[in-house]
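In this text the structure is predicted, and so the values were computed from the model without any measurement.
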Amino acid sequence: MKNRLQSFETYRGFAALMIAAVHFNVNSPLSNHSLANGLFVHFFFTLSGFVMYLNYHNKFIDFNSVKNFLKKRFFRLYPLHLLFLIIFLIIEISKYFLQTKYGLVANNPAFSANNLKNFLGNIILLQVFFDYNTFNNPSWSISAEYYTYMVFARVFLFM
């Protein structure tokens, strides 16, 4: 099974690179192409879902197997999310310090968009449900991914 999935990993890797190129605003015909605007994200998630199905569709036999799956997924996603959330919090604190101490104001004032409500939403992975992205903009996908894992596991548990 592993050998059959490696070709999918190549496509997923390509889609991930194109998504990064779009996020980093790389001036390239590949990332500036009309197909790059969102379709790489859909392609990546679709392939990832297919790989997840092949790996896990027959492994959800009881509540404990679902709990273990969700725990593994959480500890795969959350530490990096939390690290970057803390980095962006430090940036906001630095902006606040520079604003109050020296009168330097960034494009958006400190804690205007990245406020306590949005921080708490990011902590508990609810940012996908907000009207706009805060702190680490691409982290909406981590939130969406985790809730999709919950739906995925429950669907296969009850099949």
Side-chain angles (χ1 to χ4, degrees), residues 1-26 28 30-92 108 111-159:
M1 172 96 98
K2 282 281 190 205
N3 291 337
R4 291 189 338 208
L5 296 179
Q6 286 187 339
S7 61
F8 289 122
E9 293 299 319
T10 303
Y11 292 122
R12 284 178 63 208
F14 176 74
L17 287 173
M18 292 299 97
I19 293 165
V22 169
H23 280 294
F24 288 117
N25 207 11
V26 173
S28 162
L30 286 175
S31 63
N32 292 336
H33 193 272
S34 61
L35 290 176
N37 295 330
L39 290 182
F40 285 122
V41 173
H42 297 294
F43 184 60
F44 179 82
F45 281 144
T46 302
L47 280 177
S48 296
F50 184 70
V51 170
M52 293 281 296
Y53 170 77
L54 288 177
N55 283 326
Y56 290 102
H57 75 280
N58 59 356
K59 293 183 181 171
F60 299 125
I61 52 175
D62 59 9
F63 180 73
N64 279 336
S65 59
V66 169
K67 188 173 81 170
N68 289 336
F69 169 77
L70 291 174
K71 195 162 116 180
K72 284 180 188 175
R73 298 282 107 189
F74 178 81
F75 285 113
R76 181 185 152 269
L77 295 173
Y78 199 75
L80 187 61
H81 168 67
L82 185 61
L83 172 70
F84 276 95
L85 185 58
I86 290 169
I87 288 170
F88 281 99
L89 179 62
I90 291 169
I91 291 170
E92 288 298 310
N108 55 343
F111 298 108
S112 57
N114 294 336
N115 53 34
L116 180 62
K117 174 191 150 219
N118 292 326
F119 180 77
L120 294 175
N122 274 270
I123 284 282
I124 56 176
L125 295 175
L126 290 177
Q127 67 270 33
V128 71
F129 301 110
F130 292 168
D131 292 334
Y132 55 92
N133 295 325
T134 58
F135 287 96
N136 182 10
N137 284 347
S139 72
W140 69 266
S141 65
I142 294 171
S143 175
E145 187 176 344
Y146 190 70
Y147 288 106
T148 304
Y149 288 149
M150 288 181 178
V151 171
F152 175 79
R154 288 193 177 144
V155 163
F156 286 105
L157 178 64
F158 296 116
M159 283 183 74

Subject >> Pairwise distance CG(Asn122) to CD1(Ile86) - rounded to 0.5 angstrom >> reply: 12.0 Å
Original post:
What distance do Tyr53 atom OH and Asn58 atom CG have between them, rounded to the nearest 0.5 Å?
Top reply: 8.5 Å
Between [Y] and [X], is there a side-chain heavy-atom distance shorter than 4.5 Å?
X: Lys67; Y: Phe63; result: yes
X: Met52; Y: Phe152; result: yes
X: Phe84; Y: Leu80; result: yes
X: Tyr132; Y: Thr134; result: yes
X: Leu125; Y: Ile142; result: yes
X: Tyr147; Y: Leu126; result: yes

Within the distance-only criterion (no hydrogens, no angle test), does the side chain of [X] pair as donor or acceptor with the backbone N or O of [Y] below 3.5 angstrom?
X: Asn68; Y: Asn64; value: yes
X: Thr148; Y: Ala144; value: yes
X: Tyr78; Y: Ile123; value: yes
X: Asn118; Y: Ala113; value: yes
X: His81; Y: Ser143; value: no
X: Asn114; Y: Phe135; value: yes

Original post:
Using the ring of each side chain (for Trp, its six-membered ring), is Phe45 parallel, tilted or perpendicular to Trp140, with breaks at 30° and 60°?
Top reply: perpendicular
Shortest non-hydrogen contact from [X] toward [Y]:
X: Phe74; Y: Pro79; answer: O-CD, 3.9 Å
X: Phe130; Y: Lys117; answer: CZ-O, 4.2 Å
X: Phe44; Y: Ala15; answer: CB-CB, 4.0 Å
X: Tyr146; Y: Leu70; answer: OH-O, 3.5 Å

Original post:
Is Tyr11 atom OH crowded by more than 12 heavy atoms from other residues, nucleotides or ligands, each under 6.0 Å away?
Top reply: no
**OP:** Would you kindly say whether Gln127 and Ser139 are connected by a side-chain donor-acceptor distance under 3.5 Å?
**Re:** yes
Subject >> Qualifying residue, where the test is side chain to side chain contact (heavy atoms under 4.5 Å, CB included) with Arg12 and the options are Leu17, Leu47, Thr46 >> reply: Leu47
Original post:
Below 6.0 angstrom between ring centroids: does that apply to Phe156 and Tyr56?
Top reply: no
Subject >> Listed partners of Glu145 passing side-chain hydrogen bond (donor to acceptor under 3.5 Å, both in side chains), at least two apart >> reply: Arg76, Tyr149
Subject >> Test side-chain hydrogen bond (donor to acceptor under 3.5 Å, both in side chains) applied to Ser65 - qualifying residues, sequence neighbours left out >> reply: Asp62
Original post:
Step by step, would you call Phe88 with Glu92 a side chain to side chain contact (heavy atoms under 4.5 Å, CB included)?
Top reply: CA-CA 6 Å; Phe88 281 99; Glu92 288 298 310; 5.9 Å; no
